[in-house]
Number of protein chains: 2
Amino acid sequence: MAFLNKEIRDGDNQDLTEERRTATFDTDKMAEVIYGSEKLARRRREISHAVSRIPELADSRPLPFLDRFEKVTEGTRKLSVLDRHLAELIDVNDNGEALHLYHEVMGMEGHPLALHEVMFVPALIGQASDEQYEKWLGRAKRREIIGCYAQTELGHGSNLRKLETTATYTPSTQEFILHTPTITALKWWPGALGKSSNYAVVVADLIIKDKSYGPHPFIVQLRDEKTHQPLPGITVGDIGPKMAFNGGDNGYLGFDNFRIPRENLLNRHSRVEADGTYVRPPHAKIGHSAMIRVRSHMATGQGWLLGHALTIAIRYSAVRIQGFLEDKSHEVKVLDYQTQQHRLFPAIARAYAFIFCGFETIRLYDQLILDMNSNGNTSGMADLHALTSGLKSVVTHFVGQGIEQARMACGGHGYSMASYISEIYGVAIGGCTYEGENMVMLLQLARYLVKSVELVKSGKANQLGPMVAYLAVADHKVNLATGPDSYVKMFQYISKRQSWKATEKFLKFMENGDSRDVAWNKTAVELTRASRLHTRLYIMETFIRRVESVTDIPVKSALTDLLNLHLNYELLDVASYALEDGFMSSNQMDFIKNQLYSSLEKIRPNAVSLVDSFQFSDMQLRSVLGRRDGHVYQNLFDWAKSSPLNKTDVLPSVTQYLKPMMEKAKL
Amino acid sequence: MAFLNKEIRDGDNQDLTEERRTATFDTDKMAEVIYGSEKLARRRREISHAVSRIPELADSRPLPFLDRFEKVTEGTRKLSVLDRHLAELIDVNDNGEALHLYHEVMGMEGHPLALHEVMFVPALIGQASDEQYEKWLGRAKRREIIGCYAQTELGHGSNLRKLETTATYTPSTQEFILHTPTITALKWWPGALGKSSNYAVVVADLIIKDKSYGPHPFIVQLRDEKTHQPLPGITVGDIGPKMAFNGGDNGYLGFDNFRIPRENLLNRHSRVEADGTYVRPPHAKIGHSAMIRVRSHMATGQGWLLGHALTIAIRYSAVRIQGFLEDKSHEVKVLDYQTQQHRLFPAIARAYAFIFCGFETIRLYDQLILDMNSNGNTSGMADLHALTSGLKSVVTHFVGQGIEQARMACGGHGYSMASYISEIYGVAIGGCTYEGENMVMLLQLARYLVKSVELVKSGKANQLGPMVAYLAVADHKVNLATGPDSYVKMFQYISKRQSWKATEKFLKFMENGDSRDVAWNKTAVELTRASRLHTRLYIMETFIRRVESVTDIPVKSALTDLLNLHLNYELLDVASYALEDGFMSSNQMDFIKNQLYSSLEKIRPNAVSLVDSFQFSDMQLRSVLGRRDGHVYQNLFDWAKSSPLNKTDVLPSVTQYLKPMMEKAKL
């Protein structure tokens, strides 16, 4: 008999199989919705299968047993194996396939080429002139050289205007002199900079005849191509262990009057002539597009990370038995407890929501580009750029929360590295800080919201972008029983109210004499609240649209349950904004709660199948608790027995220190 | 000139000194309040100073550079050094001094004796008979033997009734046969069990003539005292790497029909006679008292852990400069941003609140014991026992949140192990799971709350314990402007409302035909909400009482600012419960927010001094970002340079894998 859940195999843990048999939808079809196409969903399975047949691509030992040195070595070894098999495993021009392959084989802890494909090559493509293309791009693509992107400095995060590294032009030799004037000017954090890369795109303040021209990108050779030794004048190394990504060699980089030829300024957009004349770029790049893409991809990627943790926690919750409910002769699965469901199911809904939202944002962006080209309307683009700042912030925050709840839902074993969830957490939570610190991002979006409210106040509501149009709409009481749209309306009310209140507060401070910056700072927390609400409204709307567009009826039905849970969970979380002035009633609160709890019950039979639909292989999960077959306990024991401390029964430290202590005490 | 902040030294980072000069209170005096006595606060400083003069007690290398093997070795080495210096460093009979010394020297990542003093010796004291005392206690105290406490099993967490390990009595040889019948029966998690301990107190199901007598404690030798090899019939090892505590060797333990003499049943409370007759304990131990103590200590200990993270984040926020406010010629400290203050200051308030709450709970407990002995009134004890379940849960949850916010408030460098905050997080967050999983704990408290509401409903409000008396009090509108008591009243209203609503819901399910367990499960989430509110009310009340009792005026004034922040922050967080039926008004919400934001401004000048008052030494903090002297950047660089990957400029893995890959590409 064929079951709708495609993960069922003979010999699996029976409790898990029992869960899979109750699936009301086809997990392969759900995977198509999650990954956006039948083809990618299928290719992911095929690639995972193909990888599993190449033993050299397997982890030589569980990654948590390796120290940093061993992790970097293991990653490097696998890269060299992968290099030989790439063309047979994937269509190298398909990003989706490449991404999956790297996740599968390399895992999430980083590797020496992590920045080469993602930052170095794109930087060359975006900023090199045609002659520079000729000289560098082929070499980079063939991996004759390995590069990274060095911008952030020890003292300055990513505030470009404050970069201290200088590139001073000397007409006499037609060279730039790269220099690190202070300790805080050291490049710090760039991935793969520490030990792997022999080249880097370095961002430095261009100085010609004592005048600063601001940050510019230079291609710089860091290490000898033969010996890999740092070149004279270059100080480079690894920045040390981190919360996660310890298979990667984030690095520091300092220059001691290091000379590079004039041609090494990447000059697609600007150049310096032999005599030192600076040729301005024809027009300032907007640069929004790359950020919109990166942050939208982050939403999807973070959703997948949350999916990893939830796959582990939900499967283990179906295997783990504890306590009694109705039937006193059989202990129940911990997944049967409402508290466990409430910990995990809203996070499943969010994982799906974030993935959908990321995909839709990219599609929306592509559509806007088309519109812009056809009718020149750019207002939607500003909308979207502002919004993706908030999106990145809201998503990373909730994903971190969700992963930790998933870990704790596994009890003590969640705390073991055998669950691998704390590693997932470490990787995901980094997203709160990189690509724009979350608070800064929220305030960036807030600037847009305040400007929008000011437009409405000055009677120019017609100039609002489509995503903020609701800021000008009059309030009407909402009947939540009429479906998802009523939740959107309620959320719009809440978001609008907060945007207005925060704007009024900000304006009031200025009226009372504060400067714009001071008034802004005094309103900052309220402004971040407005940004979060606006973003969560958008996520909710994209979730609704995605579910509406699904054609497979059983998949759509399961997703509708998840959506209903999401709507009620999210609204309950922010209800106080609507309760405050009586826009929402106590009865409506009871309604929301009842809907919430009944959603949990509805989702219960599909819970395992909803996470199975992510189709993460055991290799990709790297979790003993989250194994597809549910055989947790024997494998936990095997994993522990093979861990490094168990190589000998008696540790040398016992012989050296503890035994003498005990012996002395006996005297 | 003498400053009130005692951490000022010549040569410190000037921005940090500037902050310390604005202290409005004496940090030594604040430390007395934090540590509960002038003596302990002073002794902590003296001990830290004495430790700093013994070079062998310093970390040989920064702990984040060590793998598990090295961490365990380092811990063991230090223990043997400490063993020689103990009497000169501390009064060995003073727990406060011992605790501080171990924190200082051993750090928080665990060590081989971690469970010996805290669990093994107390288990002997509590459960051994006088003859057993004679035989084992002296040896344990002199450290002739090293022991741990083995209860939790692979498949069963700490549900005692479900333990699978058996101890079957055989009258013929007068022995117990310890046996591990299934893989899930393996002892799993006990600290120091894996590699260090040669003895353990093992909890196993006592079986005599095929009849189970439930869990009993046995003292069991695990390893040969000379060779330290596991004895035949014993399987023992380390359970592998964990999220934190990787300097400790949590272990697994299995028995293959392992025989121990009849005398090894710890028989203070029960014994088995030679013929197999079981002699019952005269009365079942209540056992609440130990749990109340442990969980109250956890509240204080977790408050200190949060204090660690905040010390690091606040100091670094005073050193880190970014952006402009009023004065456009000088960048400001990031501590000047409202968002940064809002991230950190409410957490300072919580850290203080949790510490105070833990101390008061223990005092309250001691008082209740006195009362019980004098008038036999035990109602307060049930109150307190229920409450400490909630306390443990609420505190660990908020501490985890607060530590992570502190880490993120440090930007990218927070993510480096040089900040050490992620290690603090790993250690603290374990508390959500051990000593009773948080959800289980909240539901334990909820049982007490429901019983209390049922008392009121049946007209027996006079039987309520003092801590739940408010569940029977009629509602009166509250004027928040009248001070802390009005906040308590508002919180009481909120907590009462939720306890009642959850109870009614639970009863309704039963009326409609659900069994008690099923009805309970359907109400579980609402019940946990009630428990959290009740606990937060208690924390708020203890904070108020503590501040009221402070006699030093400047200290009291600074604490009052912190308390006001706490009251407004907490109330804002749960406002929806009171807004729902109009008990709280929109105007009151505005009032709370205004109070909140003005509290942040008031606390700003004392922020550094409030964390300095924890008086954590640099050794104890182990954080480059959180250094007392504020010299962050040079030390970050030095730390990174000395990290293991930088031993060689060219990693072997580059030579072995990357260089051949690059060379091949050139062909």
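Chain identifiers are assigned alphabetically (A, B, ...) following the order of the sequence lines, protein sequences preceding nucleic acid strands; residue numbering begins at 1 within each chain.
Contacts between B:Tyr633 and chain A at a heavy-atom distance below 4.5 Å involve backbone atoms as well as side-chain atoms. Using a 4.5 Å cut-off between heavy atoms, B:Asn521 contacts chain A through both its backbone and its side chain. Using a 4.5 Å cut-off between heavy atoms, B:Thr528 contacts chain A through its side chain alone, with no backbone atom that close. Using a 4.5 Å cut-off between heavy atoms, B:Met408 touches chain A through backbone and side chain atoms alike. A:Tyr434 does not touch chain B: none of its heavy atoms, backbone or side chain, sits under 4.5 Å away. For chain A, no part of B:Leu66 is nearby; none of its heavy atoms comes within less than 4.5 Å. Proximity to chain A (any heavy atom under 4.5 Å) is shown, for B:Leu645, by both the backbone and the side chain. For a residue to count as touching a neighbouring chain, one of its non-hydrogen atoms must lie under 4.5 Å from one of that chain's; by this rule B:Gln656 does not touch chain A. For chain B, the nearby part of A:Asp83 is the side chain; its heavy atoms alone come within less than 4.5 Å. Contacts of B:Ser642 with chain A are absent, with no heavy-atom separation under 4.5 Å from either backbone or side chain. For B:Pro241, the parts lying near chain A are the backbone and the side chain together; criterion is any non-hydrogen pair under 4.5 Å. For B:Thr648, the part lying near chain A is the backbone, with the side chain staying farther off; criterion is any non-hydrogen pair under 4.5 Å. Only the side chain of B:Lys505 comes within contact range of chain A, with heavy atoms under 4.5 Å apart. Contacts between B:Leu442 and chain A at a heavy-atom distance below 4.5 Å are absent for every atom of the residue. For B:Thr184, the part lying near chain A is the side chain, with the backbone staying farther off; criterion is any non-hydrogen pair under 4.5 Å. For B:Tyr597, the part lying near chain A is the side chain, with the backbone staying farther off; criterion is any non-hydrogen pair under 4.5 Å.
Between A:Trp639 and A:Phe65, the angle of the ring planes lies from 30° to 60°, which puts this pair in the tilted group.
For the pair A:Glu326/B:Ser515, a side-chain contact is recorded, criterion being any heavy-atom separation below 4.5 Å from C-beta on. Inter-residue side-chain proximity for B:Lys664 and A:Glu144 is flagged as unmet; no heavy-atom pair is nearer than 4.5 Å. Side chains of A:Ser196 and A:Leu113 form no contact here, defined as non-hydrogen atoms less than 4.5 Å apart. The side-chain heavy atoms of A:Trp188 and B:His413, taken from C-beta on, include a pair separated by under 4.5 Å. In this structure, A:Pro112 and A:Lys195 have side chains that are not in contact, with every pair of non-hydrogen atoms separated by 4.5 Å or more.
Within 6.0 Å of atom NZ in B:Lys141, 12 or fewer heavy atoms from other residues, nucleotides or ligands are found, so the atom counts as exposed in its surroundings. Annotation: A:Lys226, atom NZ; neighbour count of heavy atoms from other residues, nucleotides and ligands within 6.0 Å does not exceed 12.
Looking only at heavy-atom pairs under 4.5 Å with chain B, the residue among A:Lys593, A:Met584, A:Glu601 that has the most is A:Lys593. In terms of heavy-atom pairs under 4.5 angstrom with chain A, the leader among B:Asp67, B:Thr433, B:Leu325, B:Asn646 is B:Asn646. Among B:Leu79, B:Leu579, B:Val236, B:Val81, the residue making the largest number of heavy-atom pairs under 4.5 Å with chain A is B:Leu579. Top candidate by heavy-atom pairs under 4.5 Å with chain A, chosen from B:Gly412, B:Pro644, B:Gly237, is B:Gly412. Taking chain A as the reference chain and counting heavy-atom pairs below 4.5 Å, the highest number among B:Gln322, B:Glu225, B:Lys641, B:Arg343 is found for B:Arg343. Considering only heavy-atom pairs separated by less than 4.5 Å from chain A, the leading option among B:Gly400, B:Pro660, B:Ala665 is B:Ala665. Taking B:Thr182, B:Ile183, B:Leu186 one by one and counting their heavy-atom pairs under 4.5 Å with chain A, the maximum is reached by B:Ile183.
The cationic atom of B:Lys659 (NZ for Lys, CZ for Arg) does not lie both less than 6.0 Å from the six-membered ring centre of B:Tyr657 and within 45° of the ring axis.
When only modelled atom types and interatomic distance are considered, A:Tyr425 and B:Glu404 share a side-chain donor-acceptor pair under 3.5 Å.
Comment: B:Arg68 does not engage B:Asp249 in a salt bridge, judged by the lack of any side-chain N to carboxylate O separation of less than 4.0 angstrom.
Between B:Tyr252 and B:Trp189, the distance separating the two ring centers is not shorter than 6.0 angstrom.
Scanning for side-chain hydrogen bond (donor to acceptor under 3.5 Å, both in side chains) contacts around A:Lys162 gives an empty result, with sequence neighbours left out.
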- request: Show your working on side chain to side chain contact (heavy atoms under 4.5 Å, CB included) between A:Arg320 and A:Glu331 and close with a plain yes or no.
  value: CA-CA 10 Å; A:Arg320 187 175 160 212; A:Glu331 285 199 287; over 6 Å; no
